[in-house]
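Heads up, the thing below is written out as structure tokens.
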Protein chains: 2
Amino acid sequence: MAITVVGSVAYDTIETPAGKRERCLGGAATYFSLSASYFTDVRVIAVVGEDFGKRQEAVFQARNIDTRGIEHTAGKSFFWEGSYLDNLNEAKTHITDLNVFASFNPKIPDAYRDSEFLFLANIDPVLQRRVREAMPQARLVAGDTMNYWIKDHRPALLEVLKGLDILLINDTETKMIAGNNNLVQAARVVMALGPKTLVVKHGEYGATLFHGGQTFRAPAMPLEEVVDPTGAGDSFAGGFFGYLASQPEQSPAAFRRAMFYGSVMGSFACERFGTERMQKLTRPEIDARFNLFRELTHLA
Amino acid sequence: MAITVVGSVAYDTIETPAGKRERCLGGAATYFSLSASYFTDVRVIAVVGEDFGKRQEAVFQARNIDTRGIEHTAGKSFFWEGSYLDNLNEAKTHITDLNVFASFNPKIPDAYRDSEFLFLANIDPVLQRRVREAMPQARLVAGDTMNYWIKDHRPALLEVLKGLDILLINDTETKMIAGNNNLVQAARVVMALGPKTLVVKHGEYGATLFHGGQTFRAPAMPLEEVVDPTGAGDSFAGGFFGYLASQPEQSPAAFRRAMFYGSVMGSFACERFGTERMQKLTRPEIDARFNLFRELTHLA
């Protein structure tokens, strides 16, 4: 089943201990859609500037991602510059230029309106809500957010949470939304705000799923070299939601496998700069790593 | 098979968000031996002062732990006071009084000399090495250490590492010994220093086993309430090594199950203050939680 994703398509300048890359193609919707494209059809809603050309478009087309919802407008695309020199687990932001993103008003192509799966990537909760309301046919809605919206845009965020089936966030964000430092208690508070399912991402330690009264933990693979962690969380979300959307039924077992696929895609994302790795995977590579992850926690 | 453990038997004053306890029975050897006692016979080598009496002795006896190696001497027992008010993952130390521990010279009862399993809990590496050399019959030797020894007693610690089969430490300690911030690379450096097997504990995120060219990750259970994390790492070590010692063969599959038992015992330790929970477990309770952990990462 097709997923529609709304979020940022951007340029990133990234420095890590492995080196520096200027103006890589990035953005949450880019990582998410590339990752999900290995599992199901993906349709993107975003806005880009005049610096987004044929070469960038080709990255999406090579993965058969529907880009009719990417609006082209005068000005420059969203730009982010950050580094991970001291700590690979936390980006230090140097520059955030919203550019055309500052006046983003998501427009939904008619061809997207039958999407049964909707992913609201990390953008202004006012826009997340607008998209959710404009797509009432979506029967499974997942979303992400970040500390900035949690701290300074709480009322709008609470409205979004009401309309979400699945929220994917990290430990800090979970505890921040709940105002509670115990993960299990915080998860319960967050789920009472709307999402029946909560996925808490722990970076290099995997992720925890709270779903249907059960808790499930997927490992992350200890990586020999983390080249660039940018987009790992969005790639996790793409693998998780893409796999779910590809299944005939979103059963508890499917949710568990989806957690592993999320973890797999997050680990691939870290292996190269930007979206390099996400662009050139194959499904057999993905399934081989899925089996490696299964082996990683398998008791004889 | 019997395990001999050398380490601290102490009193701890602990404050956590759940409350405060004055002078609980504690110490690495105490947590380790209580935890391991659910799996195999345990013999302790330690030193205590005049404040260690029949009531404390009874805690060990109730678990059939051999205390003939606990030396009673004039003075006070090792005392530690700490709190976890801001962060349950990291103790803030207020007081460390070594007391009788300052001149600890481990004496090994003859009755302990046939122990095939030896655990060197976190003490001065000079003492760890002395005990290891005095027990040449031990065929599987595991140990722990901490940042203080890694930073300021490196040459002595390196001598200990040469004689260890298994080292159990946390993420920070692994990276500190190796001088490398990537866990996989750091693990390789540490293992080149001696231990063929490395267990890296990640606190609430479980632990990773590097063994026989393979990597294995055991989860930790997300806990509804962490009452007191003191001794969780030593209880992990007790469950891990106790289970291994109880097995006819220390096969790769036994190591994997040992990781789960370690994680199980670490999770129990956090549920009450001090050693309260470690004193009153039953093997069926332990195995029930083992199955819960297995379920926690089980793919249908």
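Numbered from 1 within each chain, the chains take letters A, B, ... in sequence-line order. The structure presented is a predicted model; accordingly, all values stated were derived computationally and were not measured.
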Can you say whether A/A220 sits under 4.5 Å from chain B via the side chain, the backbone, both, or neither, judging by heavy atoms?
both
Smallest separation among heavy atoms of B/V226 and A/N182, with atom names:
N-ND2, 4.2 Å
Is the backbone of B/L299 close enough, under 3.5 Å, to the side chain of A/R257 for a donor and an acceptor to pair up by distance?
no
Give me the ring orientation class for B/Y205 and A/H202: parallel if the planes are under 30° apart, tilted from 30 to 60°, perpendicular past 60°.
tilted
Ignoring hydrogens, what is the shortest heavy-atom contact between A/R217 and B/E204? Give both atom names and the distance.
NH1-O, 2.7 Å
Of the backbone (N, CA, C, O) and the side chain (C-beta and beyond), which part of B/N180 lies under 4.5 Å from a heavy atom of chain A, both, or neither?
neither
Relative to chain A, which segment of B/T208 carries a heavy atom at a distance below 4.5 Å: side chain, backbone, both, or neither?
side chain
Donor-acceptor pair, side chain of B/Q185 and main chain of A/E224, under 3.5 angstrom
yes
Report, as yes or no, whether the 6.0 Å neighbourhood of atom CD on A/E285 holds more than 12 heavy atoms from other residues, nucleotides or ligands.
yes
Between chain B and each of A/D171, A/N87, A/N181, count heavy-atom pairs under 4.5 Å; write down the option with the most.
A/D171
On a heavy-atom basis, the closest approach of B/H298 and A/R256 is O-NH1, 2.7 Å
Do the side chains of B/F216 and A/L296 get nearer than 4.5 Å, heavy atoms only?
no
Heavy-atom distances under 4.5 Å only: say whether A/F290 touches chain B with side chain, backbone, both or neither.
side chain
Between B/T297, B/L183, B/L223, which residue shows the highest count of heavy-atom pairs closer than 4.5 Å to chain A?
B/T297
